[in-house]
*Asks:* 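I'd like to ask some things about the structure below.
Whatever order the structure lists them in is the order used to number ligands and atoms, beginning at 1.
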Amino acid sequence: MSRKKIFLTEEKIKHRIEQLGKEISLAYLDQEVMVVGVLKGAFIFMADLVRSLTIPVKVDFVAVSSYGFSSQSSGVVQIIKDTGQSITNKQVLIIEDIVDTGLTLHYLKERFLAREPKEVKICTLLDKPARREVPLKADYVGFVVPDAFLVGYGLDYQEKYRNLRDIFIIEV
Ligand code: 5GP
């Protein structure tokens, strides 16, 4: 059994997402946004965030794998599932659970930009800047977090804990 201690409560997360929803809705006022969630970690954040948006949205997902079954990044990003809709000429907002080294989003953003969207912005629930390996800046950040391994609210350790309502620091 791994030891875990609470880091962000469900209430805190909910409150911050309401703020993010207002901020993003205001920034895109009356414009349609193509919201692209990065599976699997962002699925719960994405579900809550899109419901806090008051602008018209289209929803899509990509699935990437960069960690395998380890808690350390291999540095290799693999697209397992691409978007089902064209992003050309669209305002794309990528939704991620956590930015760590930045390698995943750096790769995804470059790949998306090559398809000539109107713009690509990034919204991440958690940002771990201490571990950045490439200069990647998210446009919307829920919480800046320390260099620790987090689980819950979509984030896993070896595919477990995604269903927890709060976010925990886990010793792995
Ligand atoms: P990056 O490419 O920025 O290093 O990593 C992004 C991905 O690594 C995230 O989408 C997430 O799946 C995984 N990741 C990074 N840090 C953590 C963490 O603290 N907890 C969990 N569960 N996953 C993490």
Side-chain angles (χ1 to χ4, degrees), residues 1-10 12-14 16-17 20 24 33-50 52 59-84 87 92-115 120-172:
M1 246 305 254
S2 316
R3 281 212 347 226
K4 56 184 174 31
K5 93 177 175 251
I6 194 143
F7 180 66
L8 287 170
T9 61
E10 181 180 10
K12 264 199 178 162
I13 298 167
K14 188 168 180 272
R16 185 68 187 117
I17 290 176
L20 278 176
I24 293 169
V33 183
M34 167 86 70
V35 180
V36 181
V38 184
L39 294 171
K40 301 176 207 169
F43 79 113
I44 293 179
F45 174 44
M46 169 101 160
D48 286 341
L49 184 72
V50 292
S52 77
V59 167
D60 212 325
F61 289 96
V62 290
V64 296
S65 157
S66 57
Y67 279 45
F69 274 101
S70 154
S71 65
Q72 292 294 307
S73 174
S74 61
V76 180
V77 182
Q78 223 188 326
I79 300 233
I80 299 165
K81 181 220 168 295
D82 212 332
T83 54
I87 63 166
V92 178
L93 182 63
I94 303 178
I95 309 293
E96 177 64 300
D97 55 353
I98 183 164
V99 184
D100 186 26
T101 63
L103 289 165
T104 306
L105 283 185
H106 179 76
Y107 174 82
L108 258 187
K109 192 172 177 180
E110 290 302 309
R111 204 176 145 130
F112 278 10
L113 284 172
R115 299 178 190 170
V120 177
K121 289 203 168 172
I122 294 169
C123 174
T124 185
L125 178 64
L126 308 171
D127 187 6
K128 214 191 274 182
R131 296 206 356 124
R132 207 65 104 247
E133 288 178 20
V134 286
L136 192 286
K137 208 173 153 351
D139 301 277
Y140 303 97
V141 174
F143 302 92
V144 175
V145 300
D147 183 7
F149 199 76
L150 303 165
V151 295
Y153 196 73
L155 290 106
D156 76 311
Y157 174 60
Q158 296 187 340
E159 290 302 328
K160 287 191 299 188
Y161 308 120
R162 292 193 198 273
N163 59 319
L164 302 180
R165 290 174 174 268
D166 308 294
I167 293 179
F168 297 82
I169 290 182
I170 192 171
E171 283 170 23
V172 294

*Asks:* As a check for students: among D147, L136, V134, I98, identify the option with a heavy atom nearest to atom 11 (C) of ligand 1.
*Replies:* I98
*Asks:* Any atoms of ligand 1 less than 4.0 Å from a non-hydrogen atom of E96? List them with their elements.
*Replies:* 10 (O)
*Asks:* Under the criterion salt bridge (Lys or Arg N to Asp or Glu O under 4.0 Å), which of D147, D127, D100 is the partner of R132?
*Replies:* D127
*Asks:* Any ion pair linking K5 and E171 (charged N to carboxylate O, less than 4.0 Å)?
*Replies:* no
*Asks:* Is any side-chain heavy atom of V134 closer than 4.5 Å to one of Y107?
*Replies:* no
*Asks:* Using a strict cut-off of 4.0 Å, indicate which atoms of ligand 1 neighbour a heavy atom of T104.
*Replies:* 1 (P), 2 (O), 5 (O), 6 (C)
*Asks:* side-chain contact (heavy atoms from CB on, under 4.5 Å) for L136 and V99? Distances and angles first, verdict last.
*Replies:* CA-CA 9 Å; L136 192 286; V99 184; 4.0 Å; yes
*Asks:* Salt-bridge test for K40 and D97: reply yes if a basic N is under 4.0 Å from a carboxylate O, no otherwise.
*Replies:* no
*Asks:* Are any of the N or O atoms of L150 closer than 3.5 Å to those of ligand 1?
*Replies:* yes
*Asks:* One residue to check: D97. Relative to ligand 1, which of side chain, backbone, both or neither has a non-hydrogen atom less than 4.0 Å away?
*Replies:* side chain
*Asks:* Looking at ligand 1, does F149 have a heavy atom less than 4.0 Å from it?
*Replies:* yes
*Asks:* For ligand 1, which is the ligand I care about here, please tell me if G102 has any N or O atom under 3.5 Å from one of the ligand's N or O atoms.
*Replies:* yes
*Asks:* Which heavy-atom pair separates R165 from I13 by the least distance, and what is that distance?
*Replies:* O-CD1, 4.0 Å
*Asks:* Report yes if the side chains of L126 and L8 come closer than 4.5 Å at any heavy-atom pair, otherwise no.
*Replies:* yes
*Asks:* Between K4 and D166, is a salt bridge (charged side-chain N to carboxylate O under 4.0 Å, His left out) present by the stated rule, with each step listed?
*Replies:* CA-CA 11 Å; K4 56 184 174 31; D166 308 294; over 6 Å; no
*Asks:* Should the proximity of K128 to ligand 1, defined as any heavy atom under 4.0 Å, be assigned to the side chain, the backbone, both, or neither?
*Replies:* side chain
*Asks:* May I ask whether G41 places a heavy atom under 4.0 Å from ligand 1?
*Replies:* no
*Asks:* Under 4.0 Å from a heavy atom of A148: give me the atoms of ligand 1 that qualify, with their elements.
*Replies:* 19 (O)
*Asks:* Show the atoms of ligand 1 that are less than 4.0 angstrom away from any heavy atom in D156.
*Replies:* 21 (C), 22 (N)
